[in-house]
Amino acid sequence: MNVLLCGDFDAAEQAAWQQALAAAMPEARWWTLAEARARPAEVQAAVVANPPPGSLQGLPALRLIQSLWAGVDRLLADATLPAGVPLARMVDPAMNAAMAETALWATLALQRDFFAYARQQRQGRWQQHAQRRADEWPVLVLGQGEMGRAVARALVGMGFPVSGWSRTAGPADPGVTRIAGEAALWQALPRARVLINLLPLTAQTTGLLDARLLAALPRGAGVVNLARGRHVVDADLLAALDSGQVGHAVLDVFHAEPLPPAHPFWTHERVTVLPHVAAQTDERSAAAVAVANLRAARDGGSLRHLVQRERGY
Ligand code: NDP
């Protein structure tokens with residue numbers, strides 16, 4: 001099988017991915033974009049990570065596009081993406097576990113005032129706040145897919161009351177209150193001490209975290225955005241932080257990445273900035289996931305984790 005491997009990685013990242021994938025599927029030939037361009041009719045699959053727009057055009061034998069990233073919003077924004085070719089996204093239990101760790105850390109730090117204590121340390125201020133219990137700190141997780149469910153399960157394990165919101169009603173994990181649809185969201189928001197966003201970026205979810213939604217949270221709630229920057233209206237979040245409506249925000253993703261040096265999030269005392277590391281793709285486990293799908297495409301098996309392009313995720 002001839003596989004194009006391309007993405008927005010630097011030379012070292014390309015080499016690391018090539019090595020991991022070749023180790024998992026030694027029988028395949030792994031081609032760079034330049035090599036694929038030289039023999040376009042022979043490319044049978046593509047393993048990609050936000051490749052330059054147009055990279056996947058003109059490959060008549062392409063049977064599968066496998067993303068190394070879980071979010072495919074940038075891929076789907078490429079109008080030249082071949083329409084009839086199955087597109088699979090990365091679903092890796094190791095990534096889900098990493099996301100659960102990040103969400104748990106952020107929620108615990110919000111519940112126990114650890115971000116406030118970090119602020120106080122910078123001011124040399126010794127002041128104790130009342131200790132809250134996890135069971136009186138409801139968390140609302142937006143998105144009940146691979147990531148959102150892993151996060152919800154981890155939070156339930158720590159004793160938090162957890163609601164999980166999705167587009168369609170699905171099976172609830174033990175201890176998680178599963179809700180669906182817009183009306184249910186607006187009912188859940190006023191109880192949520194912490195709001196964690198794990199939605200895919202689609203036409204419906206872009207700008208969802210705006211002034212109206214933030215105003216529906218209880219005063220001082222924590223906002224944790226681990227999904228995509230464009231889910232948040234930055235000016236609205238900053239205004240909510242300044243007014244105290246939002247007590248603290250943990251942000252891993254931004255409209256522009258890297259976050260521009262002059263962006264107010266960098267220096268806002270109630271914002272914690274992470275450089276898009278909530279759950280990084282781990283090539284050791286992700287290579288095996290990608291290769292399982294490549295072999296299924298080669299052998300006529302069933303493909304996993306396919307994106308439904310019309311719904312945007
Ligand atoms: P999934 O596709 O497995 O899950 C998406 C969830 O969102 C589903 O529950 C889906 O509902 C729900 N959803 C989609 N649209 C809507 C809507 N309009 N209203 C309500 N719910 C909606 O995705 P993952 O869990 O794997 O990943 C989620 C996102 O996390 C990715 O798209 C990516 O942007 C982000 N991510 C961030 C990373 C980071 O390091 N910061 C790393 C990896 C991913 P339903 O169940 O009804 O289909």
Side-chain angles (χ1 to χ4, degrees), residues 7-8 49-50 66-77 87-106 140-155 162-173 176-189 195-210 213 223-232 249-255 257-259 272-283 285-286 289 304-313:
D8 59 353
N50 289 337
Q66 171 68 52
S67 173
L68 291 174
W69 298 167
V72 289
D73 41 288
R74 274 176 62 187
L75 257 179
L76 291 177
L87 166 63
R89 64 193 197 87
M90 179 51 59
V91 172
D92 177 357
M95 272 180 92
N96 297 344
M99 186 61 88
E101 289 166 359
T102 303
L104 205 49
W105 157 77
L140 173 58
V141 182
L142 305 183
Q144 283 295 279
E146 296 290 333
M147 299 278 173
R149 285 179 67 183
V151 162
R153 285 192 294 263
L155 291 166
V162 181
S163 300
W165 184 63
S166 52
R167 196 175 53 87
T168 56
D173 289 310
V176 178
T177 304
R178 179 91 184 243
I179 58 171
E182 211 176 318
L185 171 65
W186 290 98
Q187 266 173 21
L189 285 166
L195 180 73
I196 301 178
N197 178 33
L198 278 164
L199 291 167
L201 187 69
T202 66
Q204 287 72 39
T205 64
T206 298
L208 182 72
L209 277 68
D210 63 0
L213 182 142
V223 170
V224 182
N225 186 19
L226 307 176
R228 286 291 179 265
R230 286 174 57 213
H231 285 126
V232 173
V250 177
L251 306 175
D252 183 53
V253 285
F254 304 92
H255 284 239
E257 295 181 9
L259 183 63
T272 298
V273 168
L274 297 175
H276 201 142
V277 291
Q280 293 170 276
T281 306
D282 181 334
E283 66 237 10
S285 48
V289 175
R304 301 193 66 202
H305 314 307
L306 290 177
V307 172
Q308 291 180 29
R309 295 194 195 196
E310 65 292 347
R311 68 175 193 185
Y313 67 99

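Order of appearance sets the numbers: ligands from 1, and atoms from 1 within every ligand. FYI, side chains are in, hydrogens and waters are out, and symmetry mates aren't considered; it's all heavy atoms of this structure. Computed from a prediction, not measured in an experiment: that's the story for all the values here.
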request  = State, yes or no, whether a side-chain contact exists between Val250 and Ile196 at a heavy-atom distance under 4.5 Å.
outcome  = no
request  = Could you tell me if any non-hydrogen atom of Arg89 lies under 4.0 Å from any atom of ligand 1?
outcome  = yes
ask   = Among protein heavy atoms, which sits nearest to atom 19 (N) of ligand 1, and what does the distance come to when rounded to 0.1 Å?
value = Trp165 CH2, 3.4 Å
query = Is Arg304 atom CZ crowded by more than 12 heavy atoms from other residues, nucleotides or ligands, each under 6.0 Å away?
reply = no
ask   = Has the side chain of His276 got a donor or acceptor atom that lies under 3.5 Å from a matching backbone atom of Val253?
value = no
key: Sub-4.0 Å atoms of ligand 1 with respect to non-hydrogen atoms of His276   = 39 (C), 40 (O), 41 (N)
inquiry  = Would Thr102 and Leu274 count as a side-chain contact (heavy atoms from CB on, under 4.5 Å) here? Give the steps.
reply    = CA-CA 10 Å; Thr102 303; Leu274 297 175; 4.2 Å; yes
key: Spacing of Thr205 atom OG1 and Leu142 atom CG [to the nearest 0.5 Å]   = 10.0 Å
query = Considering only the protein, which heavy-atom contact is closest to atom 5 (C) of ligand 1, and what is its distance?
reply = Pro200 CD, 3.6 Å
query = If only atom types and distance count, is the side chain of Arg89 paired as donor or acceptor with the main-chain N or O of Ser67 below 3.5 Å?
reply = no
ask   = Are Ala227 and ligand 1 in contact, using a heavy-atom cut-off of under 4.0 Å?
value = yes
query = Is there at least one pair of N or O atoms, one from Gln204 and one from ligand 1, spaced under 3.5 Å apart?
reply = no
Test item: Leu213 and Leu185 side chains (from C-beta on) under 4.5 Å apart, heavy atoms = yes
query = Got the closest protein heavy atom to atom 30 (O) of ligand 1, with its distance?
reply = Leu198 CD2, 4.1 Å
key: Residue and atom name of the nearest protein heavy atom (relative to atom 31 (C) of ligand 1), distance in Å to one decimal   = Gly71 CA, 4.0 Å
ask   = For Arg230, does the CZ atom have more than 12 heavy-atom neighbours from other residues, nucleotides or ligands under 6.0 Å away?
value = no
message = Is it the case that the side chains of Thr202 and Arg311 hold a donor-acceptor pair, with the cut-off being a distance below 3.5 Å and no angle test?
response = no
ask   = Of the backbone atoms (N, CA, C, O) and the side-chain heavy atoms from C-beta on, which set of Glu146 has a member under 4.0 Å from an atom of ligand 1: side chain, backbone, both, or neither?
value = both
ask   = When you measure from atom 6 (C) of ligand 1 to every protein heavy atom, which one gives the shortest distance, and what is it?
value = Gly145 N, 3.7 Å
key: Distance-only N or O hit between ligand 1 and Met147, under 3.5 Å   = yes
inquiry  = Go through it in stages, so that I can follow the logic: the residues are Met147 and Leu226, the test is side-chain contact (heavy atoms from CB on, under 4.5 Å), and I'd like the CA-CA distance, side-chain angles, deciding distance and then a yes or no.
reply    = CA-CA 10 Å; Met147 299 278 173; Leu226 307 176; over 6 Å; no
key: Main-chain N/O of Leu140 paired with Ser163 side-chain donor or acceptor, under 3.5 Å   = no
request  = Could you tell me if any non-hydrogen atom of Met90 lies under 4.0 Å from any atom of ligand 1?
outcome  = no
task = Mark up the atoms of ligand 1 that fall under 4.0 Å of a heavy atom belonging to Ala70, in ascending order.
result = 43 (C), 44 (C)
message = Judged on heavy-atom distance to atom 29 (C) of ligand 1, which of Leu185, Thr205, Leu199 sits nearest?
response = Leu199
inquiry  = Taking only non-hydrogen atoms of Arg149, do any sit less than 4.0 angstrom from ligand 1?
reply    = no
inquiry  = Before you tell me yes or no, could you show the steps for Val289 and Val91 under side-chain contact (heavy atoms from CB on, under 4.5 Å), namely the whole-Å CA-CA distance, both residues' side-chain angles and the distance that decides it to 0.1 Å?
reply    = CA-CA 7 Å; Val289 175; Val91 172; 5.5 Å; no
task = For ligand 1, indicate whether the residue Thr168 contacts it via side chain, backbone, both or neither (heavy-atom separation under 4.0 Å).
result = both
ask   = If you count the atoms of ligand 1 from 1 in the order shown, which ones are under 4.0 Å from a heavy atom of Gly143?
value = 6 (C), 7 (O), 9 (O)
key: Nearest non-hydrogen protein atom, atom 11 (O) of ligand 1   = Arg167 N, 3.2 Å
ask   = To which protein heavy atom is atom 9 (O) of ligand 1 closest, and what is the distance rounded to 0.1 Å?
value = Gln144 N, 2.9 Å
message = Among all protein heavy atoms in this structure, tell me which lies nearest to atom 46 (O) of ligand 1, with the distance rounded to 0.1 Å.
response = Arg178 NH2, 3.6 Å
